[in-house]
There are 2 protein chains.
Amino acid sequence: MSTTTATGDRWERTGAQARSHRTQDAFLDAAEELFGRDGVAHTSVTDVADRADRSIGSLYHHFTNKETLVAAVVDRILASLESTADRAIDPARWAGADITQIVRSYAASSLELGGQRPGSKRIIVEVSLTDDVTRERYRRFREHLEDGLTALLIDRSDEIGHPDPPLAARFVIDQLTAMLTARLDGDTIPTQLAERADRAFVDEAVSSVGSYLRLADDA
Amino acid sequence: MSTTTATGDRWERTGAQARSHRTQDAFLDAAEELFGRDGVAHTSVTDVADRADRSIGSLYHHFTNKETLVAAVVDRILASLESTADRAIDPARWAGADITQIVRSYAASSLELGGQRPGSKRIIVEVSLTDDVTRERYRRFREHLEDGLTALLIDRSDEIGHPDPPLAARFVIDQLTAMLTARLDGDTIPTQLAERADRAFVDEAVSSVGSYLRLADDA
DNA sequence: ATTATCTATAGATCTATAGATAATGC
DNA sequence: ATTATCTATAGATCTATAGATAATGC
């Protein structure tokens with residue numbers, strides 16, 4: 001029947017032929033694009049098949065139902081985010097770097113990654129509305145990323161002039177994440193944050209972090 | 001036929017009987033609740049009629065189609081937000097208040113209002129995805145609110161130690177708005193911002209604003 | 001021989017309407 | 001007399017399947 005199986009409502013690729021692999025990717029690419037642009041609920045499986053230049057019958061050969069297709073798209077997005085986050089918070093990567101460098105790099109690369117795939121987050125947020133598994137996995141991803149970044153800052157407590165370094169580190173990462181989210185959401189929160197050029201925005205964000213933490217070279 | 005007319009795709013109440021008024025409110029209340037909880041796309045007009053304890057025929061007597069019902073709900077939400085914002089940024093209201101008081105009040109009342117109706121924003125964001133008029137109106141609302149708040153701060157430039165008060169005021173309002181948004185989105189961005197108690201969060205946000213602006217009583 | 005794809009369509013769900021019945025208020 | 005409401009259902013749209021045809025790779 002189908003070459004996909006739902007393991008605990010999740011998705012697993014089990015295609016045999018090389019053609020199968022290409023077709024599944026074509027469906028996933030088409031689905032991700034349309035889901036991100038028009039929303040999952042407003043995109044029909046027929047739309048996805050048309051966009052992928054394949055038939056609706058072929059789509060249902062590869063995916064049990066629309067839910068499975070959505071889960072596959074979500075899984076691909078989250079897996080990519082998770083691996084990026086793992087690399088970003090690896091202490092070894094930041095050996096020798098100071099807080100300003102870490103913060104600047106986090107802000108700049110978030111904007112770059114988020115700007116490349118603006119629909120990804122929209123998909124995750126929409127699916128999370130009704131799917132507990134996705135909501136929880138997304139929450140864990142962000143928690144993992146923020147915890148890792150906070151730890152990088154706490155490891156550099158000697159640079160922090162704020163009287164409570166652990167609390168200040170945590171707050172500053174939350175604050176920065178909120179600003180990056182606002183800026184990346186664009187249509188959702190399009191204020192001055194969205195209008196200012198990326199570089200100027202990062203500069204001001206880094207400066208704000210520095211003054212709140214009372215970094216050594218700031219005093 | 002119908003007692004609603006679509007004026008430029010917008011909605012106008014034209015009910016005659018007292019009963020009509022009550023029924024329209026019942027439909028709007030039911031729709032707002034379900035739209036906010038399950039999403040507009042996942043809520044059928046039948047769901048709305050059932051929730052309002054009225055028939056589908058009655059719903060279509062009052063609203064031309066689902067789109068008109070959605071527009072009516074959106075209009076009610078935005079009108080409420082707009083009037084709240086107008087009151088919040090009235091300079092007369094803040095005569096004698098300093099920056100810290102303004103910022104604290106903005107943060108506290110945003111959290112209070114947003115917490116009362118968590119679904120409102122979700123509805124606006126979902127509708128904005130496909131409706132240009134709503135997206136633009138929501139953007140204008142936020143721009144108006146942020147411009148007003150920024151002006152209140154700039155009027156108090158003598159309190160600001162930052163070398164560029166207009167830029168600093170603008171940045172700080174953006175930053176604060178981003179944090180409030182993150183906190184209110186709860187499920188969307190549930191990190192430490194969401195876990196900390198409202199009062200502690202407001203305290204830390206106000207303190208952060210103070211240190212970035214280099215407020216007089218902070219130096 | 002097995003796997004992938006296509007066309008055609010069944011089945012489910014949702015929006016919207018028609019026409020009959022009930023309530024309102026002059 | 002006018003307005004509001006209800007029941008029943010038509011019409012549109014979407015998901016999913018059946019069965020025939022084409023391509024793959026041992």
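Letters A, B, ... are given to chains in the order of the sequence lines, protein chains preceding strands, and every chain is numbered from 1.
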Task: Each stem that DNA chain C is part of, given as range with range (3 or more consecutive Watson-Crick or G-U pairs, under 3.5 Å) - done: C:1-24 with D:1-24
TODO: Produce a footprint string for nucleotides 7-16 of chain D: one letter per nucleotide, 5' end first; B if the base is under 4.0 Å from any protein heavy atom, S if only the sugar-phosphate is, - if neither.
DONE: BB-----SBB
Task: Sequence-distant partners of Asp203(A), side chain to side chain donor-acceptor pair (under 3.5 Å), two or more places apart - done: Arg104(A)
Task: Members of residues 29-39 of chain A that approach DNA chain D, where some heavy atom sits under 4.0 Å away - done: none
Task: Those residues that, when tested against Gln101(A), pass side chain to side chain donor-acceptor pair (under 3.5 Å) (two or more places apart) - done: none
TODO: Please state how far atom NE2 in His61(A) lies from atom P in dG19(D), giving the value in whole angstrom units.
DONE: 17 Å
Open item on the list: Per the salt bridge (charged side-chain N to carboxylate O under 4.0 Å, His left out) rule, what does the pair list look like for residues 37-54 of chain A, sequence neighbours excluded?
Closed with: Glu33(A)-Arg51(A)
Listed pairs under 3.5 Å, donor-acceptor, residues 111-118 of chain A side chains, sequence neighbours left out:
| unit_1 | atom_1 | unit_2 | atom_2 | d |
| --- | --- | --- | --- | --- |
| Arg117(A) | NH1 | Glu32(A) | OE2 | 2.5 |

- [ ] Compare side-chain N and O positions of Thr23(B) against OP1 and OP2 of dT5(D) and report whether any pair is under 4.0 Å apart.
- [x] yes
Open item on the list: Please enumerate all residues that pass side-chain contact (heavy atoms from CB on, under 4.5 Å) together with Ala169(B), with sequence neighbours excluded.
Closed with: Thr150(B), Leu153(B), Ile154(B)
Task: side chain to side chain donor-acceptor pair (under 3.5 Å) partners of Thr46(B), counting only residues at least two apart - done: none
- [ ] With sequence neighbours excluded, tell me which residues meet ring pair (Phe, Tyr, Trp, His ring centres under 6.0 Å) with Tyr212(A).
- [x] His162(A), Phe171(A)
TODO: State which residues pass side-chain contact (heavy atoms from CB on, under 4.5 Å) with Ala88(B); sequence neighbours excluded, sorted by chain then number.
DONE: Arg93(B)
- [ ] Quick one: list whatever passes side chain to side chain donor-acceptor pair (under 3.5 Å) with Asp90(B), sequence neighbours left out.
- [x] none
